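The model shown is predicted, which means the values in this text are computed figures rather than measured ones.
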Protein chains: 2
Amino acid sequence: MLKKKVRKQLADIVGEENLLDSPQDLLVYSYDSTPDFQSMPDAVIKPRSTEEVSQICKVCNESGTPIVPRGNGTNLSAGTTPLRGGVVMIFTHMDKLLEIDEENLTATVQPGLITLDLINAVEAVDLFYAPDPSSMKISTIAGNINEGSGGLRGLKYGVTRDYVMGLEFVLANGDIVRTGGKLAKDVAGYDLTRLMVGSEGTLGVMTEATLKLIPKPETKKTMLALYPDLETAGDTVSTIIANKIIPATLEFLDQPTIRVVEDFAQIGLPTDAGAILLIEQDGPKEVVERDMERMREICVQTGALSAEIAKTPEEGEALTAARRSALSALARMKPTTILEDATVPRSKVAEMVRAIEEIAKKHNVEICTFGHAGDGNLHPTCMTDARDREEMKRVEEAFEDIFMRAIEMGGTITGEHGVGAMKSPYLAWKVGETGVEIMKNIKMAFDPNNIMNPDKIFAKNEKFRVVVSK
Amino acid sequence: MLKKKVRKQLADIVGEENLLDSPQDLLVYSYDSTPDFQSMPDAVIKPRSTEEVSQICKVCNESGTPIVPRGNGTNLSAGTTPLRGGVVMIFTHMDKLLEIDEENLTATVQPGLITLDLINAVEAVDLFYAPDPSSMKISTIAGNINEGSGGLRGLKYGVTRDYVMGLEFVLANGDIVRTGGKLAKDVAGYDLTRLMVGSEGTLGVMTEATLKLIPKPETKKTMLALYPDLETAGDTVSTIIANKIIPATLEFLDQPTIRVVEDFAQIGLPTDAGAILLIEQDGPKEVVERDMERMREICVQTGALSAEIAKTPEEGEALTAARRSALSALARMKPTTILEDATVPRSKVAEMVRAIEEIAKKHNVEICTFGHAGDGNLHPTCMTDARDREEMKRVEEAFEDIFMRAIEMGGTITGEHGVGAMKSPYLAWKVGETGVEIMKNIKMAFDPNNIMNPDKIFAKNEKFRVVVSK
């Protein structure tokens, strides 16, 4: 519970109506989309302006009250759970699209803006905001920026990081910092903008962002290719890239995922295929047609059972929607769904999926894998039951093995979900003890009292293993 | 001069032949391409491996000896001058292209590799490394990364920052850190990779980089458009973007620059035009033809005196080469050439160039302006004589006014050259006192003894002015 004085100070800033601390309010904000990390906050606060965020930070910094900035809690790494209590800060009052600048190709947004609302607004004026995390219908922009979110279009268009041109953020001490701007080029000192991207709320509170837009692609086509097995699908991926084609999306589903998704979406996916590739290309009409035809040939030549280009945009959209529904479909199967995002170089995707199968077998757990074949970003997803502590232990061991294998293949523990509390014990496996030490020093440089989303990224108890060197 | 013990320790690491300290060697490395910042180092050292770099750092850290990592000294911000003496570290023994990975579309390189050698090598296998600083014939990759270099293709393809996927670097204490990898997506902790990009050698010594490659554009066309004045050229730029066309390059030269470049390159530029736009598009043949034709129409409609598409690739190449020669051409005019890179939002380019003209007049100095109209990155270039201290004072005042105007327009003090020693007094104008404070804390987190390229980015004596708020 907040101290009486602190509570009064905060209520004076935002008004009683924007400081929630009834048991039901606290319960709602005690968890995010990550299973098994629930923890109660002391209050929920809804600032209405940057100035209010600054005042809140000052009060919290002086009283040692943790601040957990939170969008809509779609993250999958326990990045927004209030593990040490404190205030959860939400941005329902700061959710505006402030400007679309068609001359400089930028959008200026408040932190609480819903990703899809931005995407729809810019597409209405024939512009394009490419990052498209699967949660985009409910995720917020500042959540995306804080997690360094990816999406299906990452291969061709890059990720959230590549679209953040400038930021306004508030430090723990209440100071307001503005970086970058409507500038394609800016090298004035260290790149604080990109340091903030993916910092998971541990360095400051984002209050405004300037985002890069690009022209909306003229057209788009979608193709579904079926494979007898994963390795054959992997051959197609390699051959497409070797032919210097970069499709807009290049997604795959393994057999167990296909079954579950078809059961959920009912769009006629062949449940006996060993693997599926979902391929999209967008851009000028001639290029899309040429690339799609060439990719269809490559699918067949490398051993696809079939490869069909969707006849209408609606048919294509149904396929993409089915892929996007994978998490929802899997989540119906068991009480608890743990979706991870170990990532490997593109050339290692098939090898990694096989390794995941073996690891699942070894630990006797159920794991489906789908994800972004084009950029090596896999989503091994475990269906389990958090109440079964013995099984949960095996699940954790399986994911440890998965992270270790990914790193052995030159990969990483997280491609687009962030470290959060969930993967913090494994961070040193990827960046080394020295890397973690440097990151901790950076955290101290921004937030010496450690009030900004504490216990995220950095673990209290790190798991040591012999790290495989390059 | 190095202490005898330190000299011996360093010579034991790299061998006598790789530790230079004759007066002529020291003289050669006492300056870079920035006028008026000469300073003698105590020694020049040529490591042969990451392990040697690590050992050198340890010796220097323990003895408080500054290290100035240096590529080929093409930087224009006094970024590699040994202002406090110490050792200049050069990478002539670490200049290999280690690997082109055609499956993962990456190149792995050593720091001393020449940018153009990389570009040529990857183009030979139909891949593309887009960042193309004008100095690319002699600049090194680690120099580009440390400065966050841009180039002519920045508008469409982004800058060096957007192509660095992973780094190996050595900290002041000798620890070796590896970040990122052949991974399109990686959010394992803070983005140290991008923090290192543009850090100007102040955080560590880069020893290896993994760079992103893309497929080589199929074809390219070049167009030259002549204008009665700057504002009309600015209208063309705005209209091209408003038509959702992003050309590969969109460069402009003002009238004084046109004259000097034509005098140097002799390719028939019309010296009476008020401004020139050089426009290139690359990509699939159909798209290039369509975009070029549409852009030619736009040039004419918005008031160009003429707009001609080059008939052959050679003719196009001659035009681009002329633009790239601008600095060399201007440098012939007076003993000292100071080339700056104040940057504004694209929509403000014409207004900013006019402001530069007025500022030059006010301070009675000679400034030509050319640069990247598409991304607002201007190169106001002053022809002067460093021996004329009275004129140099006026030049400095003029550039102060230029930086201030750029910031008032939502711009920055440096788009692609870095802060170095030259622009360090103005950093706070862009990022605020708090921004500078945070950056200094980051520097301390990496390099507590301040041996890594000291006196760069951060000024001893900052220039205070009332900073215009947003």
Side-chain angles (χ1 to χ4, degrees), chain A residues 102-105 126 148 150 154-155 159 162 175 177-179 181-192 194-195 197-199 215 238 241-242 244 246 284 286-287 343 345-347 375-377 410-416 418-419 427 430-432 434-435 438-439 441-442 445-446 457, chain B residues 102-105 126 148 150 154-155 159 162 175 177 179 181-192 194-195 197-199 215 238 241-242 244 246 284 286-287 343 345-347 375-377 410-416 418-419 427 430-432 434-435 438-439 441-442 445-446 457 470:
Chain A
E102 294 188 54
E103 200 164 359
N104 291 305
L105 300 187
D126 279 334
L155 169 62
V159 293
D162 303 305
D175 281 358
V177 182
R178 290 187 71 89
T179 67
K182 295 177 177 179
L183 299 166
K185 292 177 175 172
D186 178 20
V187 290
Y190 302 141
D191 193 344
L192 297 184
R194 268 129 218 120
L195 184 59
V197 176
S199 64
S238 301
I241 302 296
K244 317 293 189 230
I246 307 288
E286 311 88 308
V287 177
T343 299
R346 180 191 304 125
S347 58
D375 51 28
N377 182 204
T412 185
I413 58 171
T414 173
E416 57 181 9
V419 177
L427 180 61
K430 169 61 186 158
V431 301
T434 304
I438 284 285
M439 289 183 193
N441 290 345
I442 292 171
F446 279 75
I457 300 182
Chain B
E102 294 188 55
E103 201 164 359
N104 291 304
L105 300 187
D126 278 334
L155 169 61
V159 293
D162 303 306
D175 281 358
V177 182
T179 66
K182 295 176 177 180
L183 299 165
K185 292 176 175 172
D186 178 22
V187 289
Y190 301 141
D191 193 343
L192 298 184
R194 267 130 219 118
L195 185 59
V197 175
S199 64
S238 301
I241 302 297
K244 318 292 189 230
I246 307 288
E286 310 88 308
V287 177
T343 299
R346 180 191 304 125
S347 57
D375 50 30
N377 182 204
T412 185
I413 59 170
T414 173
E416 57 182 9
V419 177
L427 180 61
K430 169 63 185 155
V431 302
T434 304
I438 284 285
M439 290 184 192
N441 289 345
I442 292 172
F446 278 75
I457 300 182
K470 191 200 162 194

(Q) Would you say that A:V159 contacts B:V187 through its side chain, given a criterion of any heavy-atom pair below 4.5 Å between the two side chains? (A) no
(Q) Can you tell me which of B:L192, B:L155, B:V177 forms the most heavy-atom pairs within a distance under 4.5 Å of chain A? (A) B:L192
Q: Report yes if the side chains of A:I457 and B:Y190 come closer than 4.5 Å at any heavy-atom pair, otherwise no.
A: yes
(Q) Tell me the closest heavy-atom pair linking B:A188 and A:M439, and the distance in Å. (A) O-CE, 3.7 Å
Q | Portion of A:N377 that has a non-hydrogen atom of chain B nearer than 4.5 angstrom | A | side chain
Q: Calculate, to the nearest 0.5 Å, the distance between atoms CD1 and CD belonging to A:I241 and B:E103 respectively.
A: 9.0 Å
Q | Within-4.5 Å side-chain heavy-atom neighbours: B:K244 and A:E102 | A | yes
Q. What option among B:G181, B:A242, B:G198, B:S199 has the most heavy-atom pairs under 4.5 Å with chain A?
A. B:S199
Q | Among the listed options B:G154, B:G435, B:S238, the residue most often paired with chain A at heavy-atom distances under 4.5 Å | A | B:S238
Q) Residues two or more places apart in sequence or in another chain: which of them pass side-chain hydrogen bond (donor to acceptor under 3.5 Å, both in side chains) with A:D375? A) B:K185
Q.
Side chains of B:I438 and A:D175, heavy atoms from C-beta outward: is any pair under 4.5 Å?
A. no
**Q.** salt bridge (Lys or Arg N to Asp or Glu O under 4.0 Å) partners of A:R194, counting only residues at least two apart
**A.** A:D191
(Q) When you compare the side chain of B:D186 with that of A:T343, does any pair of heavy atoms fall below 4.5 Å? (A) no
Q. So which of B:L183, B:T434, B:V419 has the biggest tally of heavy-atom pairs under 4.5 Å with chain A?
A. B:L183
(Q) At a heavy-atom distance under 4.5 Å, which candidate from B:N104, B:T412, B:N441 has the highest pair count against chain A? (A) B:N104
